[in-house]
Amino acid sequence: MALAVAFVAAPAWAQTAPAASQQLETVTVTGIRASLESALNAKRQDKGIVDVIKAEDMGKFPDTNLAESLQRIPGVVIDRDAGEGRNITVRGLGGDFARTRINGIEALATTGGTDSSGGANRTRAFDFNVFAADLFNSLTVRKSSSADVDEGSLGATIDLQTARPFDLKNFAAAVSLKSTYNDLSGKATPKAAFLISNTFADKKVGVLLSGAYSERKVYEEGFSTVRWDNGPSSGNTFSGWCPPQGVTANLPTGSTATTCGPAAQGVPRLPNTPENLAAYNEASKATNFHPRLPRYGRLTHDQKRLGMTGSVQVRPADSMLITFDMLYSKLDATRQEDFLEAISFSRALSAGGKQQTSVLEAQFAPSGQMLYGKFNGVDVRAESRFDKLSTTFTQPTLTIEQDVTDTLKLTVRGGRATSRFNNPIQTTTTLDAPNVNGYVFDARGDDRAPLLGYGNLNPADPNGGLKIYGVPVGATSIANFTPSEIRIRPNGVTNRQDVATADVAWEIIPDALTLKGGVSYKQFKFTSFDIRRTVETMNTLPAGVDAASLTTTLTGFGKGQNLPGGSITSWVIPNLDAIAKAYDIYCNCLKTGPAGGPGDFSLTSITNGSARGGNRAISETDTGTWLMADFETRLGGMAVRGNLGTRYVKTSIVASGYLATGGGSPVTASRDYGDWLPSANVSLNLTKDIILRAAAAKVMSRPPLQNLNPGGTLSTTGSLTYTGGNPALDPFRATTFDLSGEWYHSKNGFIGLGLFQKDIKSYVLTVGRNVAYKDTGLPMSLLPSNFTGDEIFLVSAPVNSPGGKLTGFEINVQQPFSFLPGWGKNFGVLANYTQVKSKMDYVISAAVGAATVTEDLVNLSPRSWNLSFYYDDGIFSGRVSTSARSAFLQTIPAGNNQDVAGKNKTFNVDLSMGYQLNKQLQLTFEATNLTNQANDQFISRAMNNVVVNNYTGREFIIGGRYKF
């Protein structure tokens, strides 16, 4: 269990701590030490196992967003998108297993990302990059469970609290202005925040308003492969590479003695020399792997984030407090992804791909990883994708606290959290150069930054081989080659959470025993849509359009990547605006040729097999009741505090999707289940400053949204099969145990050790099995009239499977150097280390009776740590913070004949400094990602083949805060 308080920056107002002395003078504690003291006190006083971040002055969290702040907490690690924290994992359990509450109301904020970072979020994981950290004054990570905290988490409950006027003293106002510079993009962007608060009517009415605005312009550059595959891959009837002359194996249809494929394609076979035959045989081994789409890429991210909070508090009587909170956040972004890729390594015969590519030279590592290759007949593509993305989040919350009597208190809370993600433009265009000879992949110097050579193609020549290869108007395809493409794929996700709770606290024995209870109602609604073109190829150039006018050039690629000498730094890319105008691609209409052909820009969804699965909805209604006893007593002269209680919750799910039958048939399934969730937390003060804590609970986390979709493919003739989701899934269930020791050995000094174990009783895996239809959770109405439901179907869908144990420990140290003389007493250190272990059995395919492999829990980093050094003398303050996590897995199995895929270890260093010019003005300087940490994703345990290795550069922030 976590035992430490994460480092946060300091509040600049209203944080004073009286310190008694012989002269009875008041010492005002500000800066870093004040925030540490406030957070540590909150942790110490809680009856459960929590970690707290306090930053009561706006703009004082030293991180880009909430995820960056949360990673300072032991056991919390983050995953980044475009170099910015997006999702969190707590004690090895990913975002699907954690819940987030804002001002006491459960919420789910989602946005979109690159494909390699998960794309559009259609899961239960909370996207923390939707919010600026400036909007919040308290973050609490609840690692142990109690009956009064809503169910739904195996990992932790994250409580985010915005500022309220009664938290501050009378009038308070501050403004912050900053400028951020990214050294990779070379661009500077603004960042601003403000807060104003006041109380009126003899402090019976309070009003607070705060806001934060920021822009971010970054490049994400590097090398990627879109997975790896082995020698015989990418085949239809034939597989593997184009063989030298005289070799009959794997010859594509229509091949001649001297060509692979029809002679008209002009793809000659190599002479049958010993060297050519050896290279072909080596590359064709099933144990040797090559990149599927080796490519250089630049992703240009342009982001604007606006957040606002408002709070009105009214105390109409001493016994009553009414609080209305409002949170608004808008994240607008565009992202352009430009790649130069060799695409034929992943193409099948029908597209004129790998079977028409000859191997001139090939070298592989003993593990099977390709180190060097030279090829003829390689299809090269310049691919550009443009996304326009926005997330709008709103949450009003009303809380009424009423002291009914001196010993009885009623709290009623209600609110609605709504997150709308929209990706109205997601358009990909391509330029192509078929059958390039002399293409080189050379990873002998650095497998994360290989040399890519393009043989007889000059990718930077606007009049060269990269151009639009369209289908003639009236035709539908080009033989043995995939035409250039225009993909149009708008999509979106809406999450809405309605919450109403009523809680009662009855103090039976003053300061000793309080009986608490309550009821809760939550309705969660998830809807997702996906729309696409039916066919995504394009026609030849319209009449009168100059080919050069449809292209532009990317320049300056490779800064800070240590690419090998001879690497290209520029290439021709499609000009989306010009292509959109020339082809009228956004007309949503048939422009030329047959319906469903290259000239049809009509968008379809349910009838489109590629888009159908993205159109689904879930309505989830949860009703709960709970009862808990809070107690404080003494045992053998030692103070004992804690709580003991249970929670019962009933979950009702209605899931809707579409089956492929009839071009898209709607299907709806329902499911109910209930859970009793007992919990206990006990804290024993062995001495005044040493606390021993223990906690135990039964917990549950509802199934992933993506697994509940009842849509898919159902066959009721011939072989009886179903492939899709499983709305009948049970939740993840676990029993948790925590034990910790905390020593508050000095003012702001703390040492903690925590042990934790989670016995996960059920997990969700996709497997193949034979099941009676009536047990699938699908409605009987889908069956022919002569079926009874007892028919056995071969089902490939997610199922509940046995789980496993997750165990770990956390060590935490918070040490001010107040014992040092002179200015040395102003230093301090914060450090924590977490180690987690969990193994699960995963099936390696969806076939019935498929073998299993034992691997780490997905998203679990076995080791993570944080270290911060700080200095604070009241005038000058600074800190250097490091954060590290070990490699972790993301996908099992990984596909393409590979076992696992994941991310390699990361190490981040951040810096912040502040100088208090006077009581009102503070000047600040910050630097993030000083290590220019790569996003290094891999596939294969044995080979650690690179999937993505991108850099986003360092960011430097300079500015100031003014307090009125």
Side-chain angles (χ1 to χ4, degrees), residues 1-10 31-44 49-55 61-63 67-78 85 88-92 139 141 143 156 689-691 693 740-756 808-820 824-836 861-872 877-886 905-913 927-931 933:
M1 68 201 72
L3 299 175
V5 179
F7 171 79
V8 295
I32 293 171
R33 290 173 295 164
S35 61
L36 293 177
E37 180 179 344
S38 177
L40 200 59
N41 286 338
K43 175 182 178 64
R44 184 172 186 170
I49 297 170
V50 303
D51 287 302
V52 182
I53 296 177
K54 291 281 189 179
F61 282 97
D63 300 296
E68 304 284 343
S69 296
L70 285 166
Q71 72 170 331
R72 311 296 178 195
I73 288 177
V76 178
V77 292
I78 68 173
I88 68 169
T89 294
V90 184
R91 293 175 165 181
L139 313 181
V141 178
K143 298 180 179 176
D689 298 320
I690 298 178
I691 301 176
R693 299 185 192 266
S740 69
E742 304 171 4
W743 180 23
Y744 299 84
H745 57 82
S746 62
K747 186 178 180 66
N748 283 347
F750 169 82
I751 297 175
L753 170 65
L755 309 174
F756 55 88
F809 69 87
E810 296 170 345
I811 301 173
N812 213 322
V813 175
Q814 181 172 310
Q815 180 61 63
F817 296 158
S818 52
F819 51 85
L820 293 178
K825 65 183 178 182
N826 299 318
F827 284 97
V829 65
L830 303 168
N832 62 68
Y833 174 83
T834 303
Q835 186 164 310
V836 188
S861 285
R863 293 167 300 280
S864 62
W865 57 267
N866 292 277
L867 178 65
S868 294
F869 287 98
Y870 67 87
Y871 176 89
D872 184 8
S877 62
R879 58 102 190 170
V880 177
S881 295
T882 62
S883 179
R885 69 179 297 189
S886 58
K905 63 182 180 180
T906 58
F907 177 72
N908 290 83
V909 179
D910 301 326
L911 166 72
S912 71
M913 295 185 293
T928 63
N929 192 28
L930 286 173
T931 55
Q933 177 63 59

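F756 contributes atom CZ, which lies 9.0 Å from atom CZ of F809 (distance to the nearest 0.5 angstrom). One distance of note links OG of S864 with NZ of K905; it measures 14.0 Å at 0.5 Å rounding. Here I88 contributes atom CD1 and I78 contributes atom CD1; the two are 9.5 Å apart, rounded to the nearest 0.5 Å. A distance of 5.5 Å separates CG in L139 from CG in L70, rounded to the nearest 0.5 Å.
For N866 and S883, the side-chain atoms include at least one donor-acceptor pair closer than 3.5 Å.
In plain terms, the two heavy atoms of K54 and A42 that are nearest each other are CE-CB, 4.2 Å. Contact record, P816 with G749: CD-CA, 3.7 Å, taken as the closest heavy-atom pair. The two atoms that bring Y744 and R693 nearest to each other are OH-NH2, 4.2 Å, heavy atoms only. Minimum heavy-atom separation, S868 to S881: OG-OG, 2.7 Å. Nearest approach of R885 to S861, heavy atoms of both residues: NE-OG, 2.8 Å. The nearest pair of heavy atoms linking T834 to P74 is OG1-C, 3.7 Å.
With T928 contributing its side chain and D910 its backbone, the two residues share no donor-acceptor pair below 3.5 Å. Counting only distance, with no hydrogens or angles, the side chain of N929 and the backbone of V909 share no donor-acceptor pair below 3.5 Å. Judged purely by atom type and a 3.5 angstrom limit, N832 uses its side chain to pair as donor or acceptor with the backbone of R72. With hydrogens and angles ignored, the 3.5 Å screen pairs no side-chain donor or acceptor of E37 with any backbone N or O of N748. Judged purely by atom type and a 3.5 angstrom limit, T931 uses its side chain to pair as donor or acceptor with the backbone of F907.
You'll find the side chain of L36 reaches within 4.5 Å of the side chain of Y870, heavy atoms only. The closest side-chain heavy-atom distance from E742 to R44 is not below 4.5 Å. Using a 4.5 Å cut-off on side-chain heavy atoms (C-beta onward), Q815 and H745 make contact.
Judged as a salt bridge (Lys or Arg N to Asp or Glu O under 4.0 Å), and not counting sequence neighbours, R863 has no contacts. Applying the side-chain contact (heavy atoms from CB on, under 4.5 Å) rule to L820 yields the partners F817; only residues at least two apart in sequence or on another chain are considered. With sequence neighbours excluded, the residues that form a side-chain contact (heavy atoms from CB on, under 4.5 Å) with A927 are L911, F925, L930, F956. T906 meets the side chain to side chain donor-acceptor pair (under 3.5 Å) test with no other residue; sequence neighbours excluded. Applying the side-chain contact (heavy atoms from CB on, under 4.5 Å) test to F869 and every residue at least two apart in sequence or in another chain returns V829, L867. Partners of Q933 by side chain to side chain donor-acceptor pair (under 3.5 Å), not counting sequence neighbours: none found. Remark: Y871 pairs with N826, D873 by the side chain to side chain donor-acceptor pair (under 3.5 Å) rule, at least two apart or across chains. For N41, there are no side chain to side chain donor-acceptor pair (under 3.5 Å) partners, not counting sequence neighbours.
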